[in-house]
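All ligand and atom numbering here is 1-based and tracks the order in the structure. We use all heavy atoms of the structure for the numbers below, so side chains are in, but hydrogens, waters and symmetry mates are not.
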Amino acid sequence: MNNIFSNTKEAFSLKSNFELLRAQFLFNIIENRTLVKLSTLLTNFALKFYLPVTPIIKMTVFNHFCGGVSELDCNPVIKKMYDKRVCSVLDFSTEAFNSEIEFDNCYDKKISIIEFIKDRPEIPFAVFKPTCLGSLDLFKKKTIHEDLSYKDNILWNRVIERFKGVCQKAYDNDIKILIDAEEVFVQKAIDDLALLMMRKFNREKPIVFNTVQMYRWDRLKYLSDLLNDKANNGLIFGFKLVRGAYMEKERLIAKSLNVKSPICITKNETDSNFNSGLDFVFNNLDRISLVCGSHNENSVIKIMEIMKNKNLKVSDDKIWFGQLFGMSDNVTFNLAKMGYNTFKILPFGPVRNLMPYLIRRAEENTSVKGQTGRELQLILNERRRRKENNS
Ligand SMILES: Cc1cc2nc3c(=O)[nH]c(=O)nc-3n(C[C@H](O)[C@H](O)[C@H](O)COP(=O)(O)OP(=O)(O)OC[C@H]3O[C@@H](n4cnc5c(N)ncnc54)[C@H](O)[C@@H]3O)c2cc1C
């Protein structure tokens with residue numbers, strides 16, 4: 001595909017020759033399902049038995065997809081990207097937390113990140129994964145409307161308080177906050193909390209953004225129900241539209257429960273659902289702010305065309321494009337050059353904690369035909385271009 005996103009000079013302007021070579025090596029591995037499975041097994045084994053693999057992981061896959069171990073480590077890359085008009089969203093690694101102490105620690109960390117990013121236009125959003133603030137089990141129970149025990153009720157109220165605390169901190173510092181979407185078996189509880197937060201904090205401007213996974217065939221109804229509900233009159237919605245990251249897991253769960261899968265049957269269906277979601281947002285732009293979390297060039301081009309047809313400024317603050325650090329630089333940096341609002345999700349944290357994230361990136365790229373090939377082709381094009389220009 002040759003289009004406005006094929007400018008590899010712009011896309012990789014921040015990557016050294018070494019970093020490009022490393023990216024090529026990584027995407028070559030990621031393209032191979034067997035190699036991904038094997039490296040995942042080996043890495044998990046090595047980490048479990050505390051074998052000294054952390055430096056190797058750090059020098060390779062970690063440094064490609066993550067900003068560093070601490071917030072401060074991320075500063076140089078944040079600055080370099082902002083010089084290219086690309087903002088950053090710091091995402092502290094929080095997977096599989098289990099205890100109240102861990103949820104409290106995670107809450108403190110989210111608050112300290114907001115403190116760290118306040119008054120920094122290069123980091124306009126904060127983000128959190130809901131189940132890092134409360135137990136998965138409670139989110140499950142709330143999702144199926146199970147009656148909570150006395151103790152569970154107390155714990156759930158603490159989850160609500162943690163949500164409120166993070167959103168209040170974001171509101172007080174005029175930072176937009178993205179709430180990640182997770183698996184269907186916990187998502188209804190997340191949606192309800194996100195709505196509660198939007199009703200509290202999104203009266204004057206969009207502060208809280210809920211994530212809508214358009215690989216779910218029921219999400220258009222979710223969107224229109226929200227806008228039609230009179231109780232939501234006067235609030236400004238924030239939505240991050242994504243396709244969704246848990247397709248294979250969701251299908252397995254549905255199969256094991258012998259129920260209809262919540263996911264669209266084909267990629268084309270997901271794509272057209274995603275497009276309908278975009279149309280819905282733009283038809284209601286007086287009430288919605290959008291973050292498009294996608295690497296898909298067609299989706300991004302569709303938004304650019306709608307914006308043009310509606311005479312919206314490219315830098316309209318209601319529309320943001322987000323990609324993950326280490327992926328689709330051709331989309332992010334070329335969009336930024338044209339003046340659109342863009343950010344990279346910049347994960348950071350201890351290497352060990354980031355392993356589930358990194359494995360998900362590898363598996364996701366392996367399962368998406370075409371994306372890895374496209375990344376590889378762009379890297380090869382840029383390496384060839386540099387060779388020809390001796391740069
Ligand atoms: C900034 C940002 C934030 C994100 N936040 C979240 C989040 O909070 N929660 C979350 O779940 N994900 C999140 N994601 C990941 C996202 O949901 C996608 O998994 C990822 O971006 C790939 O989709 P795409 O639109 O970029 O690219 P594409 O390559 O066009 O689409 C790939 C996606 O299409 C869908 N798909 C692929 N094959 C099929 C099939 N056979 N049938 C049906 N559907 C199919 C899957 O969702 C797959 O991930 C985020 C991504 C970004 C960039």
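Neither side chain, N98 nor E102, offers a donor N or O lying under 3.5 Å from an acceptor on the other. A side-chain N or O of Q168 and one of D172 form a donor-acceptor pair less than 3.5 Å apart. No side-chain N or O of T143 forms a donor-acceptor pair with one of K188 less than 3.5 Å apart.
Ligand 1 has a nitrogen or oxygen under 3.5 angstrom from a nitrogen or oxygen of R251. Polar contact with ligand 1: present for S294 (N/O pair, distance under 3.5 Å). Some N or O of N296 is nearer than 3.5 Å to an N or O of ligand 1, by distance alone. Here's the thing with I345: none of its N/O atoms is less than 3.5 angstrom from an N/O atom of ligand 1. Polar contact check, V242 against ligand 1: no nitrogen or oxygen pair lies under 3.5 Å apart. Checking only distances, A181 does come within under 3.5 Å of ligand 1, N or O to N or O.
When the heavy-atom distances from atom 43 (C) of ligand 1 to T211, V127, V331, T270 are ranked, the shortest goes to T270. Residue nearest to atom 25 (O) of ligand 1, selected from R243, H295, K344: R243 (by heavy-atom distance). Among M247, E250, E248, the residue whose heavy atom lies nearest to atom 38 (N) of ligand 1 is M247.
When the side-chain hydrogen bond (donor to acceptor under 3.5 Å, both in side chains) test is applied to D104, the partners found at least two apart in sequence or on another chain are R158, R162. Residues satisfying the side-chain hydrogen bond (donor to acceptor under 3.5 Å, both in side chains) test with E204, not counting sequence neighbours, are Y171.
With a 4.0 Å cut-off on non-hydrogen atoms, E182 does not touch ligand 1 at all. At a heavy-atom cutoff of 4.0 Å, ligand 1 is contacted by the backbone of T266 but not by its side chain.
Ring-plane geometry between F27 and H64 is classed as perpendicular, the angle between the planes exceeding 60 degrees on a 0 to 90 degree scale with a lower cut at 30.
Geometrically, K344 does not engage F325 in a cation-pi contact defined by less than 6.0 Å to the ring centre and at most 45° from the axis. Annotation: cation-pi pair R219/Y222 present, NZ/CZ under 6.0 Å from the ring centroid and within 45° of its normal. At least one test fails for K110 against the ring of F128: distance under 6.0 Å to the centre or angle within 45° of the axis. K260 forms a cation-pi arrangement with W217, by the criterion of a distance under 6.0 Å to the ring centre and an angle within 45° of the ring axis.
Residue I265 has at least one heavy-atom neighbour below 4.0 Å for each of these atoms of ligand 1: 42 (N). Close approach to A245 involves these atoms of ligand 1, each under 4.0 Å from a residue heavy atom: 10 (C), 11 (O), 12 (N), 17 (O), 19 (O). Per-residue contacts place Q323 under 4.0 angstrom from the following atoms of ligand 1 (heavy atoms of the residue considered): 53 (C). The contact set between ligand 1 and Y246, taken as ligand atoms under 4.0 Å from a residue heavy atom, comprises 11 (O). Close approach of ligand 1 to G322 is summarised as follows: ligand atoms under 4.0 Å from at least one heavy atom of the residue are 1 (C), 53 (C). Ligand 1 places these atoms under 4.0 Å from at least one heavy atom of C264: 42 (N), 43 (C). The contact set between ligand 1 and D180, taken as ligand atoms under 4.0 Å from a residue heavy atom, comprises 8 (O).
Residue contact annotation: N298 has no non-hydrogen atom under 4.0 Å from ligand 1. Residue-ligand proximity: K240 is placed with a non-hydrogen atom under 4.0 Å from ligand 1.
A side chain to side chain contact (heavy atoms under 4.5 Å, CB included) with Q323 is found for exactly one of S328, S294, C292, namely S328.
For N202 (side chain) and I207 (main-chain N/O), a donor-acceptor pair under 3.5 Å exists by modelled atom type.
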